[in-house]
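Read through the structure below, which is laid out as structure tokens, and then see the notes.
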Amino acid sequence: MKYVSLDLETSGLDTSFCQILEIGAVVDDLDKPHNPELVAGDFFHCYVTHPKIVGQPYALMMNADIIKVIAEGKHQNLKTPDEAADALKKWLQFHFASSSKFTAAGKNFQGFDKPFLEAQFPKTDFLFHHRCFDATTSFYQKGDKALPDLKTCLERANITLPFKLHTALDDARAVIALLRHIHK
């Protein structure tokens, strides 16, 4: 089953005024052998530029490295919100041309990433299935007060990744590693 693991980094949690700062997405197919290396074309990544970044203090602090990349303006993957929306939609259509909708995966896609995409890119009609993979639910353990975060899920699955978490592209890759672990 082909799906897209998608992750956003944002300036906060409130879709009414916080902004998307970074988008990462990776296509995977559970029916095919997994290649953990990023292959050109099978992933999407960009930083989203804004004339003014508005957000919540904790998220701004947590994403300081991303904001620095945007502020320096030198990265090859800088896009305005409209450019980012168009590029992501074209990339998704390229990979899912044979279907009218695509399945998404994430660490909280339905509750966080999808609402942000809809709020930030209202002119772009992303055709996600109403069901999606949420890798974190499979790693809940008795006694947890909430669903575990991505780092805890990876620890519980005994997965060590050759990259750091909390960038959009690497978090999307980590979700694939978790889903592959669950479905092996």
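Note that these values count all heavy atoms, side chains included, but never hydrogens, waters or copies made by symmetry. Because the structure is a prediction, the values reported are computed rather than measured.
With contacts defined as side-chain heavy-atom distances shorter than 4.5 Å, the pair Thr136/Asn108 does not qualify. Residues Pro148 and Arg156 meet the side-chain proximity criterion, which asks for heavy atoms closer than 4.5 Å. Looking at heavy atoms from C-beta onward, Asp144 lies out of side-chain contact with Leu147 at the 4.5 angstrom threshold. For the pair Leu117 and Phe128, the minimum side-chain heavy-atom distance is below 4.5 Å. Residues Val27 and Lys2 form a side-chain contact, since some pair of their non-hydrogen atoms from C-beta on lies under 4.5 Å apart. Looking at heavy atoms from C-beta onward, His50 lies in side-chain contact with Val48 at the 4.5 angstrom threshold. In this structure, His166 and Glu9 have side chains that are in contact, with non-hydrogen atoms separated by less than 4.5 Å. In this structure the side chain of Leu21 never reaches within 4.5 angstrom of the side chain of Leu8, judged on heavy atoms.
Under a 4.0 Å N-O distance rule, the pair Asp28/Arg180 qualifies as a salt bridge. Using a cutoff of 4.0 Å between basic side-chain nitrogens and carboxylate oxygens, Asp171 and Lys107 are scored as salt-bridged. Under the 4.0 Å criterion applied to side-chain N and carboxylate O atoms, Lys164 and Asp170 are not assigned as salt-bridge partners.
No hydrogens or angles considered: a donor-acceptor pair under 3.5 Å links the side chains of Thr152 and Asp149. Side-chain atoms of Ser16 and Asp14 include a donor-acceptor pair closer than 3.5 Å.
Side-chain atoms of Thr15 never come within 3.5 Å of backbone atoms of Phe116 as a donor-acceptor pair (strictly under, hydrogens ignored). Looking at His95, its side chain never comes within 3.5 Å of a backbone N or O of Lys90 through a donor-acceptor pair. Panel note: side chain Gln110, backbone Pro115; no donor-acceptor pair is recorded below 3.5 Å. Using modelled atom types, one side-chain atom of Ser11 and one backbone atom of Gln19 make a donor-acceptor pair closer than 3.5 Å. Counting only distance, with no hydrogens or angles, the side chain of Asn63 and the backbone of Thr10 share a donor-acceptor pair below 3.5 Å. Within the 3.5 Å criterion, the main-chain N or O of Ala135 finds no donor-acceptor partner in the side chain of Ser138. Remark: the backbone N or O of Asp7 is not paired with any side-chain donor or acceptor of Asp113 at under 3.5 angstrom. Using modelled atom types, one side-chain atom of Gln120 and one backbone atom of Cys18 make a donor-acceptor pair closer than 3.5 Å.
Under a hydrophobic clustering in which Ile, Leu, Val, Met, Phe, Trp and Tyr are joined whenever their side-chain heavy atoms come within less than 4.5 Å, directly or via other members, Phe43 and Leu179 fall into the same cluster. Leu13 and Phe109 fall within a single hydrophobic cluster, where Ile, Leu, Val, Met, Phe, Trp and Tyr are joined by side-chain heavy atoms under 4.5 Å apart, directly or via other members. Taken together through direct or relayed side-chain contacts under 4.5 Å among Ile, Leu, Val, Met, Phe, Trp and Tyr, Trp91 and Phe121 form part of one hydrophobic cluster. One hydrophobic cluster holds both Ile182 and Leu154 under the rule that ILVMFWY side chains link at heavy-atom gaps under 4.5 Å. Note on Phe139: it does not cluster hydrophobically with Phe112, by side-chain heavy-atom contacts below 4.5 Å among ILVMFWY residues.
Atom CZ of Phe17 has more than 12 heavy atoms from other residues, nucleotides or ligands within 6.0 Å.
For the pair Ala119 and Pro122, the tightest heavy-atom approach, listed with the atom from each and the gap, is O-CD, 3.6 Å. In terms of heavy atoms, Lys79 sits closest to Ala84 at CB-N, 3.8 Å.
Taking the six-membered ring where tryptophan is involved, the planes of Tyr47 and His45 are perpendicular, since the angle between them exceeds 60° and thus also 30°. By the 30° and 60° cut-offs, the orientation of the rings of Phe96 relative to Phe102 is tilted.
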Please report the C-alpha distance between Lys89 and Asp125 in whole Å, then the side-chain angles of each, then the deciding distance to 0.1 Å, and finally whether the side-chain contact (heavy atoms from CB on, under 4.5 Å) criterion is met. CA-CA 8 Å; Lys89 185 169 184 170; Asp125 183 22; 4.3 Å; yes

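How far CD1 of Ile67 is from CD of Glu22: 11.0 Å, rounded to the nearest 0.5 Å. Expressed to the nearest 0.5 Å, how far CG of Leu178 lies from CZ of Arg173 amounts to 13.0 Å.
Of the residues Val175, Thr103, Val26, the one that meets the side chain to side chain contact (heavy atoms under 4.5 Å, CB included) test with Tyr3 is Thr103.
In this structure, the ring of His183 has its center less than 6.0 angstrom from the ring center of Phe133.
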